[in-house]
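Just so you know, ligand 1 is whichever comes first in the structure, and atom 1 is the first atom listed for that ligand.
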Amino acid sequence: MKKILIALIVFALAPSTSFAGPKIEVLHWWTSGGEAAALKVLKDDFAANGGEWLDMPVTGGGGDAANVTLKARIVAGDPPSASQIKGPTIQEYDQEGVVAPYNIDAIAQAEGWDSLLDPMIAAVHKCQNNSGPYCAAPVNIHRIDWMWANKEVFDNNNLSMPTTWDELNAAADTLKAAGIIPFAHGGQPWQDATVFEAVAMGVGGNNYYKNCFVKLQGYTDPGSPGRDWNVATGMVIEGKAGFQIMGDWAKGEFTAAGKSPGWDYMCVPTPSNNGYLYNVDSFIFYKTDDPDKVAGQKLLAKLMMGKNFQKVFNLYKGSIPARLDVPMDEFDDCAKASNADIKTAGASGGLVPSFAHGMAQGNTIKSALQDVITEHFNSDMSSVDAANALADTVLANM
Ligand code: BGC
């Protein structure tokens with residue numbers, strides 16, 4: 001009896017290493033109305049499959065703040081079990097030895113991710129310089145080079161969506177003369193960089209700063225510095241401003257506000273020669289000894305690449321599925337256009353990774369370039385000085 005009692009006490013006091021169920025702590029920056037609605041699809045799926053989700057949101061569009069928090073946790077040896085991540089940063093963290101490829105590669109192999117993803121997108125999610133095991137999962141493809149406009153405001157001013165940068169400037173002048181803020185913008189470094197890369201891709205050449213980038217700045221309102229992107233989208237939704245240049249997570253805000261493309265708002269890509277700036281949202285999984293978290297990582301990776309999940313999530317998020325086999329018939333015309341244009345751009349060499357959203361470079365050079373762009377957008381720095389500063393930044397980071 002005594003022996004049994006001691007055994008019971010020892011058992012009760014022993015640290016529990018037994019499996020309690022899938023658990024995941026997810027660090028992300030999806031906090032706007034549209035973003036939260038999309039993320040809820042994943043949280044609900046995870047819970048429906050018996051998982052416990054510990055949410056770690058870090059507010060701040062574009063993820064600059066979230067990336068700083070993530071880095072600090074990794075440096076402190078306390079990474080979350082999963083985090084939102086962008087292209088090249090996956091390899092950076094892999095090289096730091098904190099990523100757990102083998103937990104999800106087994107899922108990727110069992111589910112046949114190689115046959116579900118475009119090979120270029122698949123490679124981005126493989127550790128060991130893009131050719132080893134899968135260590136991250138993609139949930140979507142966002143397009144950056146979009147313009148969103150309030151239909152009623154455009155109709156009332158006899159305007160149609162511009163198809164050239166000159167038409168865009170002319171439309172902005174008409175709106176300005178009518179007393180409407182032409183260009184809804186939030187003066188934050190990543191938003192300035194988002195506009196910059198759309199203009200740079202579309203125009204190029206020596207005069208692009210002067211003709212488009214600098215001119216656009218003159219079409220914003222005095223309240224733009226520091227404004228969050230979704231607040232700027234709200235100005236277009238309410239007709240306080242004419243249009244906004246922003247990735248298609250902006251469409252998530254229109255959707256969350258119950259607005260329909262074609263009726264309430266219009267979307268067209270910013271003028272370019274079949275260019276398509278792409279941005280993939282991915283989640284990466286970090287090393288852990290906790291069996292609940294390993295199970296959580298496997299479950300989350302499997303759910304994220306699920307066919308129905310990628311449909312429903314992207315209907316809310318504004319993006320298109322990363323999986324190639326998701327039917328597009330329930331998507332709206334903006335998403336259908338994005339899905340068609342990505343193929344045209346891919347075939348004609350126009351598919352360009354977004355630097356403003358961390359798809360072209362890691363976070364260090366991205367931040368350095370953003371600093372120059374935002375200084376140029378928000379000061380009287382000349383175009384020549386800005387171009388030289390950009391070149392110096394690139395050289396210093398090579
Ligand atoms: C992400 C989007 C997000 C946007 C604004 C981008 O970098 O890819 O998913 O909605 O930032 O926060």
Side-chain angles (χ1 to χ4, degrees), residues 26-43 56-70 82-90 121 124-125 136-146 148 184-198 226-234 236 244-257 267 276-284 304 309-310 313-322 334-335 338 342 352-363 366-367 369-370 373:
V26 186
L27 190 147
H28 65 88
W29 64 90
W30 284 339
T31 55
S32 79
E35 290 172 335
L39 184 62
K40 187 172 178 299
V41 179
L42 189 57
K43 288 181 180 172
M56 227 218 141
V58 183
T59 46
D64 289 344
N67 285 328
V68 172
T69 305
L70 176 63
S83 78
Q84 206 177 334
I85 196 95
K86 294 294 177 65
T89 313
I90 295 172
I121 304 271
V124 167
H125 298 86
V139 290
N140 65 3
I141 302 173
H142 271 303
R143 182 176 195 172
I144 305 298
D145 48 314
W146 277 118
W148 309 92
H185 185 64
Q188 296 174 339
W190 74 273
Q191 294 188 63
D192 293 336
T194 298
V195 173
F196 169 85
E197 68 179 3
R227 175 185 289 143
D228 287 332
W229 67 272
N230 51 320
V231 176
T233 310
V236 179
Q244 179 184 27
I245 297 179
M246 186 47 68
D248 41 23
W249 48 91
K251 199 181 68 188
E253 299 304 298
F254 284 97
T255 307
C267 63
Y276 185 114
L277 277 160
Y278 71 89
N279 167 32
V280 178
D281 281 311
S282 314
F283 284 80
I284 189 169
M304 277 174 172
F309 165 74
Q310 291 228 346
F313 170 83
N314 284 297
L315 286 172
Y316 284 109
K317 191 69 177 65
S319 32
I320 58 172
C334 305
S338 177
I342 197 170
V352 184
S354 162
F355 113 79
H357 293 275
M359 295 300 298
Q361 301 287 344
N363 288 328
K366 178 187 116 140
S367 306
L369 290 171
Q370 264 183 196
I373 291 166

Side chains of Asp64 and Gln188: is there a donor and an acceptor less than 3.5 Å apart?
-> no
Between the side chains of Ser319 and Asn140, does any donor sit under 3.5 Å from an acceptor?
-> yes
A student checking ligand 1 against Asp281 at a 4.0 Å heavy-atom cut-off should list atoms 1 (C), 2 (C), 8 (O), 9 (O)
So Trp190 and Trp249, would you call those rings parallel, tilted or perpendicular, with 30° and 60° as cut-offs?
-> tilted
For Lys317, the ligand 1 atoms with a heavy-atom partner under 4.0 Å come out as 2 (C), 3 (C), 9 (O), 10 (O)
Looking only at N/O atoms, are Asn140 and ligand 1 under 3.5 Å apart anywhere?
-> no
Can you check whether Trp146 and Phe254 have ring centres sitting under 6.0 Å from each other?
-> no
Compute the minimum heavy-atom distance from Gly62 to ligand 1 and say whether it is under 4.0 Å.
-> yes
What are the atoms of ligand 1, with element, lying closer than 4.0 Å to any heavy atom of Glu35?
-> 3 (C), 4 (C), 5 (C), 10 (O), 12 (O)
Nitrogen or oxygen atoms of Gly61 and ligand 1 under 3.5 Å apart | no
Donor-acceptor under 3.5 Å (Gln310 side chain, Ala322 main chain) = yes
Less than 3.5 Å between some nitrogen or oxygen of His357 and one of ligand 1, yes or no?
-> yes
Side-chain contact test, heavy atoms from C-beta onward, threshold under 4.5 Å: evaluate it for Val280 versus His125 and give yes or no.
-> yes
Atoms of ligand 1 close to Lys86 [distance to a heavy atom under 4.0 angstrom, numbered from 1] | 1 (C), 6 (C), 7 (O), 8 (O)
